[in-house]
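The structure appears below as C-alpha cells.
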Amino acid sequence: MSLRSSLSGYVGLQLSSYVRSRRAGWVLAAAVVGALAGCRSDAKYVVPSGPMPPNTVLLSQMMQELSSQPGFTEAMLAQLNEGQKRGPALLTPALIDHMRKMILGKDWEGLNRFPGWTMREINPTVRVVGHVAGKDAKVEETATAGGAPSGPVKKASTKQMKEYLDLGPYTLERGETADLDQPSDRPGFSTEGLTSALGDGVVRGDGADPALAPLHSESQRLSEVLNRLAMNGLSGTASATASIAGGKATTPEELVQALIATGHDVVVSDARYFANFGHFHYKGQDVMMPFFINSQILIPHTTRPLLVPVSHAEYEWTIRGPKINASVAWYFGIDGKAEFRTMDELNQPWVLGRHAHEYRGADAVEVTRLTGRMMVAYAHLHMRHPAMPFGGYYGLGVCQDSVAAIEKKMTGTATLFPNTADTVFFNDPRDAEINKLIAAIPKDRAGAMPQPERIFGSLPTTDLQAITIPGLTADLVSVRSAWDEGTLRRTHGRGHRVVIGLEIFGFVLALGVVGWLIRRRR
C-alpha cells in the first residue's frame, strides 16, 4: 500500500467526517496510524533461519552455541582471515570488527546476512588495508589517485613466480618437455593441508569430491603443465613444451587443440557457485556461510534492499579421452594466484552450481588462449607491484572480473557481479588485449548500482526455488517479478528519494492534522 495514497484517502475522508462529528479526531488518529503501519510491510521482518537443507546449520547457530567458549570467536575470525582459494574471503579489519561486534552483541539475524554492505561501503575498507597490513602505501595511493603505476620491468624468475603460480616440478629457466603419453606421477588426493580442526566439533576445509578426487593425479599434472605453458608468454622465459601422441604444444591453447585432435572430449565451462567464505563444518554438519552484498535494489512492497550472496566464478576444463582424464579450473583467487588448479574438493550442497556457458572446439581453444593471456598479464602486474596486499586481490579484480571479461569477448555481454578491478593498473602495452577486455566490463568499485541482469546472471541456478538459503528465494522471486513488469526500484536515486520524501511529508502532515484535531477537541 502506498503511504501517499493511504494518507490522502484517510485524511480526506476523516476531515470530511470531522465536520459532522467532533469525535472524529480519535477516528482520524487511528486511521493515520493504520495507514502508516500498512505502508511498512517489512517493519517486523525477521531474517528467516529456516528451512535448512539436510545436514546443514547456519553460522549463527554455530556461534550461538560456541561464542561463549573462551577464545573460540577470535580463533574462528583468525581462520577466516586466512586466504582461501575460493570465495570472497577478503575480510579486512573493518569487516572482521563488524563480525566480531555482531557475535558479541548476539546479532544473529545480522550474522545470517553478513555483512550486508554496499560496494561503496566495502571499497574504502579495502583501499586502506595496505596501510593496516604494513604494506607499500604507494600502491594504494596510486590506485586511489588514478595515477599510472611505474617502475622497471623485471625478468620473471621461478622463485618470484612460485608465490603466484603453481609450477610443480617445472621452472622458468629451463626448456622442459612434459610427456603426456606417460601416466602422471603426481600423488593422489589428500586432505593434508586442506582441513584443520579448531576444536569443539569445528573443522575447516572440505573433503574429497567422490567423482573428481580419483582424477587428482592427472588433474594436478595437467594444471601444472598448463601453467608452465602459459608462462612461455613472459619475455626471457625458456620455452617449455608438452607432447602427446606425437604432437607438441608450447601454449595452453595448442595443448587443448592437441587433446581434441587425439580424440579427447574437451568442454570448457563458465561455472558459477555461491561463494562459501567459511568452509566450516560443525559436528559433522555443513555450516552455511554466504557473504551478502547490498545490491541497492528495493524489494517490492518493502523498504528493504535485496541482499545477495556473492558468487564465485571460474572456468572449468573437463577432459575425457584415451590418454588424459582430468578436471581443472582457472580463476584469480584470494591467494593472489591467476592460475589453473585442480577441482576435486567437495562443495557444500547449498552453494549449488551451474554452467552459464559451455564451449567446445574452436571456442574452447579461444577461451583457453584468453586465460593464458590473462595469466601473463597478472604475472606482469605481480612483478611490477609485489607489495600489493592479498596478492592484488580486489585491486586487480576478484574471481568475477577475468571471467566476465572473457565472457564479454565470447558472448558480447558480461553477466557477473561484482567486478572490482581498478583499470589504472591495467596499462602495460604488452597486455593490450587484456587491458581492453578488463576496461570493457562494468565496474562496481565506485559503488555504481548493478544492472538486474548481472545480479541474476551471477546466481548459481536459474531455478530460484532450488536456492536453499533461508528467505532468499522469496526476495529474489519478488524482485524478478518487478523487473519483468518494469516496476523495479532502487534504494537510492531520484525515484526512491521522491518516495521517501513523500512518506516523510505524509507522516509530518498526519501528525499535524492529528495534533490540530486534538487541540480542537480540547
>> Under a 3.5 Å distance rule, please check whether Asn435 uses its side chain to pair with a backbone N or O of Asp431 as donor and acceptor.
In response: yes
>> For Phe456 and Trp483, I'd like to know if the aromatic rings sit close, meaning centre-to-centre distance below 6.0 Å.
In response: yes
> When the ring planes of His98 and Phe114 are compared, do they come out parallel, tilted or perpendicular, using 30° and 60° as the limits?
Replying inline: parallel
> Taking side chain as C-beta onward, heavy atoms only, is Asn347 less than 4.5 Å from Asp209?
Replying inline: no
> So do Val310 and Phe277 actually touch side chain to side chain, heavy atoms under 4.5 Å?
Replying inline: no
> Do Thr461 and Tyr273 have side-chain heavy atoms sitting under 4.5 Å apart?
Replying inline: no
> Would a line drawn from the ring center of Phe274 to the ring center of His312 be shorter than 6.0 Å?
Replying inline: no
>> Under a 3.5 Å distance rule, please check whether Ser478 uses its side chain to pair with a backbone N or O of Leu476 as donor and acceptor.
In response: no
>> Does the plane of the ring in Phe426 sit parallel, tilted or perpendicular to the ring in Tyr378? Use 30° and 60° as the thresholds.
In response: perpendicular
> Backbone N or O of Ser481 within a donor-acceptor pair of the Asp484 side chain at under 3.5 Å?
Replying inline: no
> Would a 4.5 Å heavy-atom cut-off, applied to side chains only, mark Tyr315 and Ile406 as touching?
Replying inline: yes
>> Set out, in order, the CA-CA distance, both residues' side-chain angles and the distance that settles side-chain hydrogen bond (donor to acceptor under 3.5 Å, both in side chains) for Glu65 and Tyr282, then state yes or no.
In response: CA-CA 11 Å; Glu65 297 180 15; Tyr282 178 50; 2.6 Å; yes
> Is Glu433 paired with Lys409 through a side-chain N to carboxylate O contact shorter than 4.0 Å?
Replying inline: yes
> What residues form a ring pair (Phe, Tyr, Trp, His ring centres under 6.0 Å) with Phe72, not counting sequence neighbours?
Replying inline: none
> Between Thr342 and Phe340, is any pair of side-chain heavy atoms under 4.5 Å apart?
Replying inline: no
>> Using a 3.5 Å distance criterion without hydrogens, assess whether the side chain of Thr195 forms a donor-acceptor pair with backbone atoms of Arg204.
In response: no
>> A side-chain contact here means heavy atoms from C-beta on lying under 4.5 Å apart; do Phe425 and Leu381 qualify?
In response: yes
> Using 4.0 Å as the upper bound for N to carboxylate O, is an ion pair formed by Arg445 and Asp422?
Replying inline: yes
> Is any side-chain heavy atom of Leu59 less than 4.5 Å from a side-chain heavy atom of Met99?
Replying inline: yes
>> With a 4.5 Å cut-off on side-chain heavy atoms, are Asp270 and Glu407 touching?
In response: yes
> Got a donor-acceptor contact below 3.5 angstrom from the Ser458 side chain to the Ser311 backbone?
Replying inline: no
> Hey, is Arg384 close enough to Asp428 for a salt bridge, meaning N to O under 4.0 Å?
Replying inline: yes
> Run the side-chain hydrogen bond (donor to acceptor under 3.5 Å, both in side chains) check on Thr415 and Arg272 step by step: do they pass?
Replying inline: CA-CA 11 Å; Thr415 61; Arg272 289 144 197 220; 2.9 Å; yes
> Taking all atoms of both residues into account, what is the closest heavy-atom pair of Ile438 and Ala421, and its distance?
Replying inline: CG2-CB, 4.1 Å
> For Glu109, which residues count as a salt bridge (Lys or Arg N to Asp or Glu O under 4.0 Å) partner, sequence neighbours excluded?
Replying inline: none
> Between Pro450 and Ile455, which heavy-atom pair has the shortest distance, and what is it?
Replying inline: CG-CD1, 3.8 Å
>> Check whether Arg354 reaches the backbone of Leu459 with its side chain - one donor and one acceptor, N or O, closer than 3.5 Å.
In response: yes
>> Tell me the closest heavy-atom pair linking Ser67 and Trp108, and the distance in Å.
In response: OG-CH2, 4.0 Å
> Any sub-3.5 Å donor-acceptor pair from His281's side-chain atoms to Gly205's backbone N or O?
Replying inline: yes
>> Could you walk me through whether Gln64 and Lys106 satisfy the side chain to side chain contact (heavy atoms under 4.5 Å, CB included) test, starting with their C-alpha distance in whole Å, then the side-chain angles of each, then the deciding distance to 0.1 Å, before giving a yes or no?
In response: CA-CA 8 Å; Gln64 283 183 70; Lys106 302 185 186 303; over 6 Å; no
>> Check Asp335 with Arg341, please: is the shortest side-chain N to carboxylate O separation under 4.0 Å?
In response: yes
> Between Asp200 and Lys283, does at least one N-O distance fall below 4.0 Å, as a salt bridge requires?
Replying inline: no
> Can you find a side-chain donor-acceptor pair between Asp363 and His357 that sits under 3.5 Å?
Replying inline: no
> Sub-3.5 Å donor-acceptor pair from the side chain of Asp444 to the main-chain atoms of Thr420, do we have one?
Replying inline: no
